[in-house]
Amino acid sequence: MRPVVDETHDRALLEQIAHRAMLERGLLPEFSPAVESETEAIPAPASPDGPDGAPVEDLRALPWCSIDNDDSLDLDQLTVAEECPDGCVRIRVAIADVDALVSRGSAIDEHAGHNTTSVYTAAKIFPMLPERLSTGLTSLNLGEERLAVVVEMEVASDGSLRRSDVYRGRVLNKAKLAYDRVAAWLDGDEAEPDGIRTVPGLADNLRTQDRAAQRMKILRHAQGALDLQTIEARPVFEGDSIRELKENDQNRAKDIIEDFMIAANGVTARFLSDHGFPSIRRMVRTPRRWERIVELAAEHGFALPGEPDSEALEEFLASVSHKDPVRFPDISLSVVKLLGPGEYTATRPDETGPRHFGLAVKDYGHSTAPNRRYADLVTQRLLKAALAGSPPPYDAESLEGLASHLTKQEDAANKVERQVGKSAATLLLAPRIGERFRAIVTGAAPKGTWVRLLEIPVEGRLSEGFAGVDVGQRLEVQLTSVDVWRGFIDFRRASGR
């Protein structure tokens, strides 16, 4: 029996839908009594005097800051930069030492290892770790001392990585900053945020971080990393009622974190390999539908080679971004769909992992978000063992099974997030049955054809008139039905335009 839609209870309805979707996908929406008991028994943040083996550097005096979404509470990383006399920039990324409090084989670890990720739905977050940890004792919170695994990188003036290291550190977050405010300040559109103004030297430090990140980004794209700009949206609530879907835009502050994290993930993967340790890598191997990407480029007057080529694809994307910036997000979304999803793989220390097609990097692990991704927690345990001179806590065979499990569970979590996001969209679209919208085809496969509206960031199924359409094509559609409980949004083709 489906609940009656009542906009005064949108949030509660979406929470019910999310809870059910978690169970249907084999995910655990609640923590067990054993997990709760273990969590309550942890008295305080981890101490640097613990018996972990590797030395801990005192880095609390540095002007560390976090940059994240304005409502983020599970802070996984801090950043700081320092200009060197020869023109390079020394970047440090501090990653929350979650392993110091979450022991392998504990009830907390078993729950995290089952879900493998935090699930962020429109109405509720289902954290991988209890909030007492993820937003408290293991989070790099403002003004609180924490243990961290530190990735240090020296970036040359051309954006290349000159030197890197990994070690343990003791850090202190001096400023909790939000992407949009930092980006607006860097762009000169807003005054310096309070969190920056009150920390001596932080403004110049962030400008240094920004310059380094832009250099790294330029070099990555020159080497074939794809500049993809897709449209993502999140529901905006007024009380418990959904009022709109707000697009999440890329900006310079997000670029800082994105480029630093990509670089840090590469450093950790190579560090493990250099120490004879296996690792878990994340990658998109080969585009799933390269032939359609070639056709899509041809429709825009650009010739791509017959075999997958990331540098050529990036050249096409850069050309479209310059010539048609309004349509670029739609083309990016089409390319993302045609590339296909990423996956986790296990890499032995004597193996050279395949190149990540979308990022144009060969060594890409997951290490920078251990509060919310289990792959990162596993990587952290491997790193700390290597630093301490201990044997690997995981062998290659166990990592192979874990990699498959991580991919499966991440796919399940993504499906839950999409389903609840669509349920949120149906609450907005329910009064608009019969209306026509301009749309772009985002998926075309035997199991169904999908379109995204251009006026509203909503995706739905083209249930009538889908013959002959393919990804990237624009057309007019008419909304025919919605199902709030299942998150179904159905359209039919209204015209060929």
Side-chain angles (χ1 to χ4, degrees), residues 2 5 7 10 14 17 122 228-236 242-249 288-289 291-302 320-321 323-340 415 417-497:
R2 297 173 190 156
V5 177
E7 68 171 13
D10 288 350
L14 291 175
I17 293 170
L228 295 166
Q229 177 189 338
T230 58
I231 295 175
E232 297 180 359
R234 61 181 177 86
V236 176
I242 294 179
R243 285 293 172 252
E244 64 173 321
L245 295 176
K246 184 177 180 180
E247 295 180 8
N248 293 322
D249 298 323
R288 183 170 54 186
R289 294 191 59 198
E291 74 287 348
R292 176 53 187 160
I293 294 177
V294 172
E295 293 175 1
L296 189 64
E299 292 170 9
H300 292 82
F302 198 97
V320 175
S321 177
K323 294 178 181 178
D324 195 356
V326 174
R327 293 189 64 189
F328 181 59
D330 299 329
I331 296 168
S332 287
L333 178 63
S334 299
V335 171
V336 168
K337 296 282 188 177
L338 293 166
L339 286 175
K415 287 177 178 177
E417 292 173 354
R418 285 197 298 268
Q419 179 181 339
V420 180
K422 288 181 178 181
S423 291
T426 64
L427 294 171
L428 287 176
L429 289 177
R432 306 183 67 174
I433 302 293
E435 288 190 31
R436 294 188 175 196
F437 303 89
R438 292 181 303 124
I440 183 170
V441 179
T442 58
K447 64 180 180 181
T449 301
W450 303 89
V451 298
R452 183 181 62 78
L453 304 186
L454 301 182
E455 291 90 350
I456 310 170
V458 169
E459 190 175 52
R461 185 170 182 265
L462 188 64
S463 56
E464 299 179 45
F466 50 82
V469 305
D470 208 342
V471 174
Q473 184 176 342
R474 287 192 173 203
L475 64 167
E476 188 175 43
V477 298
Q478 184 178 32
L479 179 63
T480 57
S481 66
V482 298
D483 185 319
V484 175
W485 189 251
R486 294 188 294 175
F488 288 177
I489 302 172
D490 286 339
F491 300 97
R492 67 181 173 205
R493 189 174 183 178
S495 76
R497 291 181 294 163

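Here Thr442 pairs with Glu459 under the side-chain hydrogen bond (donor to acceptor under 3.5 Å, both in side chains) rule; sequence neighbours left out. Legend: residues meeting side-chain hydrogen bond (donor to acceptor under 3.5 Å, both in side chains) with Arg492, ordered by chain and number and at least two apart, are Gln478. Applying the salt bridge (charged side-chain N to carboxylate O under 4.0 Å, His left out) test to Arg292 and every residue at least two apart in sequence or in another chain returns Glu295, Glu299, Asp470. Under the side chain to side chain contact (heavy atoms under 4.5 Å, CB included) criterion, Ala122 pairs with Leu14, Pro235, Val420, Ala424, sequence neighbours left out. Glu417 pairs by the salt bridge (charged side-chain N to carboxylate O under 4.0 Å, His left out) definition with nothing, not counting sequence neighbours. Phe437 pairs by the ring-ring contact (aromatic ring centres under 6.0 Å, His included) definition with nothing, not counting sequence neighbours. By the salt bridge (charged side-chain N to carboxylate O under 4.0 Å, His left out) test, Glu291 pairs with Arg289, sequence neighbours left out. Residues satisfying the salt bridge (charged side-chain N to carboxylate O under 4.0 Å, His left out) criterion with Arg438, sequence neighbours excluded, are Glu455. With sequence neighbours excluded, the residues satisfying side chain to side chain contact (heavy atoms under 4.5 Å, CB included) with Val294 are Trp290, Leu304.
With values rounded to the nearest 0.5 angstrom, Leu428 atom CG is found 8.0 Å from Asp10 atom CG. Here the CZ atom belonging to Arg436 is positioned 12.0 Å from the CZ atom belonging to Arg493, to the nearest 0.5 angstrom. With values rounded to the nearest 0.5 angstrom, Ile456 atom CD1 is found 9.0 Å from Leu479 atom CG. A distance of 9.0 Å separates CH2 in Trp450 from CD1 in Ile489, rounded to the nearest 0.5 Å.
Side chains of Val477 and Leu453 form a contact here, defined as non-hydrogen atoms less than 4.5 Å apart. You'll find the side chain of Leu462 reaches within 4.5 Å of the side chain of Leu475, heavy atoms only. Side chains of Val482 and Ile433 form a contact here, defined as non-hydrogen atoms less than 4.5 Å apart.
Minimum heavy-atom separation, Phe491 to Gly460: CE1-CA, 3.7 Å. Between Phe466 and Thr449, the shortest heavy-atom distance links the atoms CB-OG1, 3.7 Å. Across every non-hydrogen atom of Ser423 and Val484, the tightest pair is OG-O, 2.8 Å.
Each salt bridge (Lys or Arg N to Asp or Glu O under 4.0 Å) pair with one or both residues in residues 421-432, not counting sequence neighbours, appears once here: Arg432-Glu435.
Counting only distance, with no hydrogens or angles, the side chain of Ser481 and the backbone of Asp490 share no donor-acceptor pair below 3.5 Å.
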